[in-house]
Amino acid sequence: MATTLIKDGTIITASHSFAADLVIKDERIEQIGRNLLVKDVDREIDAAGKYIMPGGIDVHTHLDMPVGDFRSVDTFETGTIAAACGGTTTIIDYAAHEHGELMARGLETWHRRAEGRAVIDYGFHMTLSEFTERTLRDMEQMVNAGVSSFKVFTAYPGRMMLNDASILKILKRSEELGTLVCVHAENGHVIDVLIQEALESGNVAPKYHAITRPSKGEGEAVNRVITLAELAETHLYIVHVSCCEAVEHITRARLKGLPIYAETCPQYLFLSDEYYELPDFKGAKYVMSPPLRDKQHQDGIWHGIQNRMLQVVGTDHCPFHFHGQKDRNQDNFTQIPNGGPGIETRLSLLYTGGVCTGRISLNHFVDLVSTAPARLFGLYPKKGAVAPGSDADLMIVDPRKETVISAATHHSAVDYSLYEGMKVKGVPDCVFSRGKMIIDHGDFIGTPGDGQFIPRPPQSSFPDAD
Ligand SMILES: [Zn+2]
């Protein structure tokens with residue numbers, strides 16, 4: 001039995017801020033209140049002037065994932081250490097099955113990658129890489145295995161893309177099962193035509209990655225999947241929203257009362273397509289899908305967040321080295337592995353660009369990075385809450401402390417940062433994972449393998465994340 005008392009902090013939840021002491025007993029939060037009398041305290045932490053918030057929940061990661069000739073360079077060890085250093089205490093990673101492979105086999109592979117390595121708790125979504133006569137049946141098997149969310153693509157024809165008929169059937173099945181379907185919404189056919197035209201014209205530089213994936217194509221796909229969800233009378237979660245068109249369709253749907261949820265990621269709030277023009281092929285660092293957009297889209301996404309049309313900020317963390325991976329073939333932008341790092345910087349970027357600028361409140365910040373994803377993905381109130389009985393997944397943040405983001409000091413295995421040199425606040429001093437301190441004054445002191453798989457049951461009703 002271990003008892004930790006955190007004294008004199010300000011507790012920030014998704015709805016309230018208040019001064020209180022907090023007692024952790026073993027893995028859980030036991031008590032919250034003023035001037036608590038606690039016996040046999042093993043450790044006391046002075047949190048005066050600091051915020052105590054629920055640990056972040058990143059529901060969009062790709063650790064140790066094979067992509068073509070490469071695999072994303074963070075294992076479940078380096079990736080979750082980086083996550084923890086940034087204040088994230090739970091991830092939901094996208095497991096997948098190969099074409100022709102059973103979902104159950106794909107899930108086993110992901111369990112093997114995470115077990116013994118993860119330093120924080122984790123769950124899995126299952127990516128539906130193809131639609132076969134088994135798909136609808138095997139979705140139930142995933143639910144029984146604790147995987148209650150799925151991902152489908154309207155992009156990458158021939159590899160990942162599903163047609164509207166398959167997506168409609170999956171949405172109906174998901175409604176029966178009480179699961180949530182996550183969609184990568186871009187128009188794959190449009191992109192393929194534009195890519196072919198670009199290559200035929202000799203337009204091979206990284207910036208053509210963005211030019212061939214127009215925001216209108218994302219808007220179209222978002223509108224289409226919203227319509228399919230409406231026809232299936234179910235809810236839907238749209239991943240990595242990057243543009244105004246998508247926000248507009250999501251807003252219209254939500255104002256109609258449809259249960260459409262959406263996520264954006266820091267790269268779409270803080271970076272723009274100007275980065276593709278960097279010299280020496282450095283634009284390749286920013287090649288991800290959807291691509292970075294013209295700056296004007298950033299305001300649209302911020303407004304979507306402020307109006308609570310977008311509920312979640314995830315990362316789509318999928319890092320590849322610049323040297324030897326992203327820069328390997330400089331004659332064809334389609335050969336650049338898609339994805340970038342972000343698992344460590346999600347909270348500090350949103351805190352700095354959202355809370356410090358007055359765009360969002362501290363409570364809204366907590367909702368976006370922790371509570372709303374916990375509620376949508378079946379983790380709440382075990383995770384995403386600062387309340388008696390909840391897991392003691394917590395971070396303590398000194399609001400005065402400033403840090404500079406750099407690949408030289410970050411914890412991901414990747415060889416660059418998208419945000420090199422940016423000054424941020426909101427990097428936690430201390431992080432607890434199920435009651436155990438794993439970050440102490442910025443240093444990782446946890447143990448690979450301590451992270452547990454969190455089975456997520458189906459849900460009979462979905463929250464209005466508002
Ligand atoms: Zn992704």
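Both ligands and their constituent atoms are indexed starting at 1 by order of listing.
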With the Zn ion (ligand 1) as the reference point, give the N/O/S atom of D316 that is nearest.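 Relative to the Zn ion (ligand 1), the closest nitrogen, oxygen or sulfur of D316 carries the name OD1.
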
Using the ring of each side chain (for Trp, its six-membered ring), is Y268 parallel, tilted or perpendicular to H240, with breaks at 30° and 60°?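 Because their plane-to-plane angle is over 60°, the rings of Y268 and H240 count as perpendicular.
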
Geometric class of the H125/F377 ring pair [parallel <30°, tilted 30-60°, perpendicular >60°]: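 The rings of F377 and H125 stand perpendicular, inter-plane angle above 60°.
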
Got an N, O or S from H62 under 2.8 Å of the Zn ion (ligand 1)?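 Yes, since at least one N, O or S atom of H62 sits under 2.8 Å from the Zn ion (ligand 1).
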
Output yes if H60 passes the N/O/S-under-2.8 Å test against the Zn ion (ligand 1); output no otherwise.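 A backbone or side-chain N, O or S atom of H60 is under 2.8 Å from the Zn ion (ligand 1).
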
Look at R224 together with E220 and state whether they make a salt bridge at an N to O cut-off of under 4.0 Å.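 Between E220 and R224 there is a salt bridge, with a charged N closer than 4.0 Å to a carboxylate O.
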
Please lay out, stage by stage, how H209 and Y286 fare under the test ring pair (Phe, Tyr, Trp, His ring centres under 6.0 Å). CA-CA 10 Å; H209 171 74; Y286 300 85; over 10 Å; no

